[in-house]
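Every chain is numbered from 1 and lettered A, B, ... according to where its sequence line falls, protein lines coming before strand lines. The figures that follow rest on heavy atoms only: side chains count, while hydrogens, waters and symmetry mates do not.
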Amino acid sequence: MPPQKSDPLQEGDAASASANISAEALSSQKALSIDEMMVMAKTLRRHIITMTAKAGSGHPGGSLSSVEIITALYFNVMRHNPRNPNWPDRDRFVLSKGHAAPLLYAALAEAGYLPIEELETLREYGSRLQGHTDRTKTPGVEMSAGALGQGLSFAIGISLAARLDSKDYRVYVLLGDGECDEGQVWEAAMACAHFKLDNLTAIVDRNRQQIDGWTKDVMNTEPLEEKWHSFGWQTIKVDGHNLSQILNALDEAKQIKGKPTIIIAYTTKGKGVSFMENNPDFHGNAPTAREAEKALEELC
Amino acid sequence: MEASTREAYGKTLVELGGENENIVVLDADLSRSTMTRLFATKFPHRFFDCGIAEQNMMGIAAGLAASGKTAFASTFAIFASGRCFDQVRMSIAQPLLNVKIVATHGGVTVGEDGFSHHSIEDIALMCSLPGFTIIVPADAIETAQAVRAAAENYGPFYIRLCRPRSPLVYGDDYRFEIGKAATLKSGDDATIIATGLMVSLALEAARRLKGEGIDCRVLSMPTIKPIDEDAIIKAAKETGAIVTCEEHLEHGGLGSTVARVVAKHRPVPMSFLALKDKYTSSGKPNELLASHGLTVDGIEEAMRHLLDRKRA
Ligand SMILES: Cc1ncc(C[n+]2csc(CCOP(=O)(O)OP(=O)(O)O)c2C)c(N)n1
């Protein structure tokens, strides 16, 4: 393969920019109502179960806990266009906790970036849907992730570029609470405040679990809100399964000037499936065919 | 028979912990996967879960070692090597501290998790550090002995284990020695030098080649650094051709190391079975290995080509 001269993902940009299409026309996503989003959330949960069960591996727990956050972003808040994933004016979503890839793929498919049928190729050899997100393979995926702790730094770069290019897009980053153990998260946290990045909103999925156990037992991150606050962030606490609270918080974040905002979203790992909730076995293990059947019964 | 190298590691840690109070173990939120959990349950006060903070873990391990402890630090191979490289270099390698990094989920056999979790550069990185001993055990029996040897010999070690259960290639009478290759099959037509999971494939390839009248020597090379120069030079002299086989990029792994020895002391035709120079993707472990030619067939084919070159 010859060395790449440019980022292949940027190629679509020039074309769309020169076409000079208005933002409204490009942004084909119609904002869903809360009721519609609740239905969508259930659909995404069903996808997560069937995808991981079919793949036989993957991370259902941390995918299920972030469902409402992603639903609010992709189906109400963000300006984006599935027909032009590289639209230069799009809002960006960076999935820092890259193991929640099944959820992101499900949302991208429901939004129209990918055929729904493709979801069942998750983790297969040759599939565009890699076990952890890969920006070179999947339309709509902004960042290659899977090694925790790197997303916020990447988002800073995107956010600074908006400033340089006088663009008004916003950048959203989803972090895990276990992920906040990583030092790089705090290097980035400091930098966000330093650069006064008010076009950047971070959301931490506070499901209080990581792999080895509860975060308070493995590596205590409390007081988490005070930490972010002392790093110069506006903090907002929400119930991470309550769509109107999430929408309000995302809206409030847009109004805050001169500093970044973090939404601490209190969630339940494995949310929506009784036997997966708060069950560490489903962090990194897929449901069996039987378990998937039971889960889908609960999700109808 | 198959067995898990990770389980062998966890069990050996428990034995060592009982024998030696100076042994401490660190992990980074992966103790269920690396199997350090076995030690943690038995010796909770000598186990430190550092959370998802691998760089911090390496620094802590170094401080413990500087205070007289034998520190085992575990996480996935990609994070142990790549993410912590400077911390390992500054805090462990140069000061030559007694830290044993036992990295699990090496290579591409983590499969479906994809490139973020595939450790394909770790041997090159770790071999580049002066003072480090690098070991890639071929099976669970060798893992247990290598972990014990690391505990009993001073200095920094990097031991790379894999995720899947793997075939046993050694018998109970096997004795692992740091820096020594094991001759698993004699033969004079050519040599296959393999490491890690590739050793069992090499044996099977040699068995099939024997059926075609090609008598290969099979060397298992658990220690990549310091490498067994004598065994390599002897194989070059006596068999005149060498194929290397490893679950790592061609650049900087077993093949590169063997080639350096061969070029210096006894140039012979060589062929290199390794991961190709590109990033990997999700797939079943066997599909991924096959896509890089790391199969019994691949070894056989490489050997036939190599023998043509040897004769030419
Ligand atoms: C750098 C790094 N270290 C370790 C891992 C292995 N790992 C994957 S998920 C995970 C736990 C993540 O916990 P959290 O961020 O709270 O995510 P969630 O509970 O929301 O799934 C770990 C340790 C990793 N992917 N990257």
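- Within 6.0 Å of the NZ atom in Lys42(B), the count of heavy atoms belonging to other residues, nucleotides or ligands does not exceed 12.
- Atom CD of Glu226(A) sits in a crowded spot, with more than 12 heavy atoms from other residues, nucleotides or ligands closer than 6.0 Å.
- Looking at Glu179(A), only its backbone comes within 4.5 Å of chain B, counting heavy atoms on both sides.
- Proximity to chain B is limited to the backbone of Ala145(A), based on heavy atoms less than 4.5 angstrom apart.
- Annotation: Arg89(B), atom CZ; neighbour count of heavy atoms from other residues, nucleotides and ligands within 6.0 Å does not exceed 12.
- Of all the heavy atoms in Glu112(B) and Ser57(A), the pair that sits closest is CB-OG, 3.6 Å.
- For the pair Leu148(A) and Glu54(B), the minimum side-chain heavy-atom distance is 4.5 Å or more.
- The choice from Gly283(B), Ser282(B), Ser116(B) that makes the most heavy-atom pairs within less than 4.5 Å of chain A is Ser282(B).
- The side-chain heavy atoms of Asp113(B) and Arg123(A), taken from C-beta on, include a pair separated by under 4.5 Å.
- For the side-chain contact (heavy atoms from CB on, under 4.5 Å) with Asp212(A), the lone residue among Asp49(B), Leu30(B), Ile52(B) that qualifies is Asp49(B).
- Proximity to chain B is limited to the side chain of His59(A), based on heavy atoms less than 4.5 angstrom apart.
- Both the backbone and the side chain of Asp29(B) come within contact range of chain A, each with at least one heavy atom under 4.5 Å from a heavy atom of that chain.
- Minimum interatomic distance between Phe79(B) and Gly146(A) (heavy atoms only, all atoms of both residues): CZ-O, 4.3 Å.
- The two residues Arg32(B) and Asp281(A) have their closest heavy-atom pair at NH1-OD1, 4.3 Å.
- Counting only heavy atoms from C-beta outward, the side chains of Gln150(A) and Arg83(B) approach each other to under 4.5 Å.
- The parts of Gln210(A) that come within reach of chain B are both its backbone and its side chain, each placing non-hydrogen atoms under 4.5 angstrom from that chain.
- Within 6.0 Å of atom OH in Tyr279(B), 12 or fewer heavy atoms from other residues, nucleotides or ligands are found, so the atom counts as exposed in its surroundings.
- Other residues, nucleotides and ligands contribute over 12 non-hydrogen atoms within 6.0 Å of the NZ atom of Lys137(A).
- At most 12 heavy atoms of other shown residues, nucleotides or ligands fall within 6.0 angstrom of atom NZ in Lys284(B).
- One finds the CD atom of Gln55(B) at 7.5 Å from the CD atom of Gln184(A) (value rounded to the nearest 0.5 Å).
- The environment of CG in Asp86(B) is crowded: more than 12 heavy-atom neighbours from other residues, nucleotides or ligands sit within 6.0 Å.
- Put simply, CD on Gln130(A) and NE2 on His117(B) are 12.5 Å apart, with the number rounded to the nearest 0.5 Å.
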